[in-house]
Amino acid sequence: MRIATWNVNSMKARLDRVEEWLAQVAPEVCCFQETKLADAAFPSERFSKLGYEVAHHGDGRWNGVAIASRVGLEDVVRGFAVPGGPDEAAERRLISASCGGVRVMSVYVPNGRSVGSEHFQAKLAFLHDLRLHLDTSCDPGEAVMVCGDFNVAPQDIDVFDPAFFVGATHVTPEERAALAEVLGFGLVDVLRACYPDTPRLFTWWDYRAGDFHSGRGMRIDLALATRVLADKVSFVLIDRNARKGKLPSDHAPIVVDFAYSP
DNA sequence: ATGGTAGCCCTGCTA
């Protein structure tokens, strides 16, 4: 079973490339972030032609997340399943569904904008609430996969130059602690588990100043799996080719294969 | 080269 995740930075702008990529890579399940579409505008028929059902959660301006699956798509939950939790409806940053026996979540964590800002506090709160969502709706002993753009680089090895990021978001102890809280549910960062000491495993490069071509990136997109799944990972890849060529997203997809059949 | 890109349609804001 192949599960992928990709921040596409507008599904409308990226649709041709996404179709081409899905046809080539053929994941059973793919999580998308930053679709920037309203639910009614999502091009479901284009995905149907490729054999995918899609559940989407977006309002059309920013954010927007989706799960595409060709191994079933059941028990869709939009936003947080946290009783009394925050009203996430206006943000559209989380969607959950069961696909081929795996509880899959597509997540787009807030950027945070600047350290200490109200947006930064909201980012920390979002990660805290994601843990509550997991605690409320899942069992760490079951097959759960949380994929998406976390807007946190877990370690210094995950940025091109730690000195460049001093004072910046994505690398602070607070953000890393909040991410660790999510992982503490019982999740494994499957890419880092496969390549514990490999630098430059980046998933995002700023469009500006040729950052992709000069290798100035960060690893902020993650594929997290519960142990029962993580133990069955047979292959994991950041598809840098998808960051090249005409009209790329600023993020590369992550592809994970499991020795696991739906 | 002390700037630069991309996407949205709130042409300023977000990333």
Side-chain angles (χ1 to χ4, degrees), chain A residues 5-21 31-43 46 56-66 86 88-95 106-127 130 147-154 158-172 174-176 178-179 202-222 238-254:
Chain A
T5 183
W6 194 4
N7 179 325
V8 293
N9 187 18
S10 170
M11 186 61 85
K12 181 182 174 186
R14 218 65 61 207
L15 186 55
D16 289 347
R17 285 197 66 137
V18 168
E19 285 179 322
E20 180 184 18
W21 186 84
C31 297
F32 295 104
Q33 301 85 37
E34 281 207 84
T35 63
K36 298 186 177 180
L37 290 174
D39 290 343
F42 193 87
R46 304 274 292 264
H56 180 258
H57 186 41
D59 68 3
R61 289 173 62 199
W62 295 301
N63 313 324
V65 287
E88 183 266 352
E91 288 282 306
R92 319 279 172 139
R93 293 175 178 276
L94 173 66
I95 189 167
S106 179
V107 59
Y108 176 45
V109 175
N111 173 283
R113 302 195 195 180
S114 60
V115 175
S117 67
E118 64 179 292
H119 299 284
F120 184 82
Q121 295 305 324
K123 178 182 191 175
L124 300 179
F126 184 96
L127 286 163
L130 179 58
C147 295
D149 177 358
F150 286 77
N151 271 315
V152 178
D158 296 312
V159 302
F160 72 89
D161 179 7
F164 180 86
F165 292 94
V166 170
T169 58
H170 295 55
V171 298
T172 64
E174 291 85 355
E175 288 162 282
R176 287 173 172 170
L179 176 62
F202 305 141
T203 64
W204 175 86
W205 301 259
D206 200 305
Y207 283 122
R208 294 170 287 189
D211 274 7
F212 176 71
H213 298 287
S214 52
R216 295 163 55 91
M218 308 178 79
R219 190 174 75 96
I220 56 176
D221 300 86
L222 304 174
I238 298 165
D239 186 2
R240 288 183 187 78
N241 286 329
R243 181 62 176 78
K244 300 176 182 174
K246 188 182 175 187
L247 295 177
S249 170
D250 46 354
H251 295 253
I254 303 170

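These values consider heavy atoms only, across backbone and side chains, with no hydrogens, waters or symmetry-generated copies. In this text, all values refer to a predicted model and were calculated from it rather than measured experimentally.
Looking only at side-chain heavy atoms (C-beta outward), A:Asn111 and A:His119 stay at 4.5 Å or farther from each other. Looking at A:Arg240 and A:Trp205, their side chains come closer than 4.5 Å, going by heavy atoms from C-beta outward.
When each of A:His119 and A:Met11 is assigned the nucleotide of DNA chain B bearing its nearest heavy atom, the one mapping closer to the 5' terminus is A:Met11. Between A:Gly60 and A:Asn111, the residue anchored closer to the 5' end of DNA chain B is A:Gly60, taking for each the nucleotide with the nearest heavy atom.
Under the side chain to side chain contact (heavy atoms under 4.5 Å, CB included) test applied with A:Tyr108, the options A:Asn151, A:Asp221, A:Thr35 reduce to a single match, A:Asn151.
Ion pairing between a basic and an acidic side chain is recognised when a charged N comes within 4.0 Å of a carboxylate O; A:Asp16 and A:Arg46 show such pairing.
When the side chain to side chain donor-acceptor pair (under 3.5 Å) test is applied to A:Lys12, no partner is found at least two apart in sequence or on another chain. With sequence neighbours excluded, no residue forms a side chain to side chain donor-acceptor pair (under 3.5 Å) with A:Glu20.
Taking atom OH of residue A:Tyr108 and atom C1' of nucleotide B:dC8, one finds them 12 Å apart after rounding to whole Å. For the pair A:Arg61 CZ and B:dG7 C1', the interatomic distance rounds to 13 Å; values are reported in whole Å. Summarising the geometry, the separation between CG on A:Leu15 and P on B:dG7 is reported as 13 Å, rounded to the nearest angstrom. Rounded to whole Å, the distance from CG on A:Asn63 to P on B:dC13 is 17 Å. Rounded to whole Å, the distance from CG on A:Asp149 to C1' on B:dT14 is 13 Å. In this structure, A:Glu34 atom CD and B:dA6 atom C1' are separated by 11 Å, rounded to whole Å. The distance between atom CG of A:Asp206 and atom C1' of B:dG3, rounded to the nearest whole Å, is 12 Å. For the pair A:Asn7 CG and B:dG7 P, the computed distance is 12 Å after rounding to whole Å.
Proximity note for A:Ala13 (side chain, C-beta onward) versus B:dC8, B:dA6, B:dA15: the nearest is B:dC8.
Between B:dC10 and B:dT14, the distance separating the two P atoms is 14 Å to the nearest Å. Atom C1' of B:dA6 sits at a distance of 14 Å from the matching atom of B:dT11, rounded to the whole Å. B:dC9 and B:dG4 are spaced 24 Å apart, taking the P atom of each and rounding to whole Å.
Note on A:Arg14: a side-chain N or O is less than 4.0 Å away from OP1 or OP2 of B:dG7.
Here A:Phe160 and A:Phe165 bring their ring centres to under 6.0 angstrom of each other.
Less than 4.0 Å separates DNA chain B from at least one heavy atom of each of the following residues of residues 207-222 of chain A: A:Tyr207, A:Arg208, A:Ala209.
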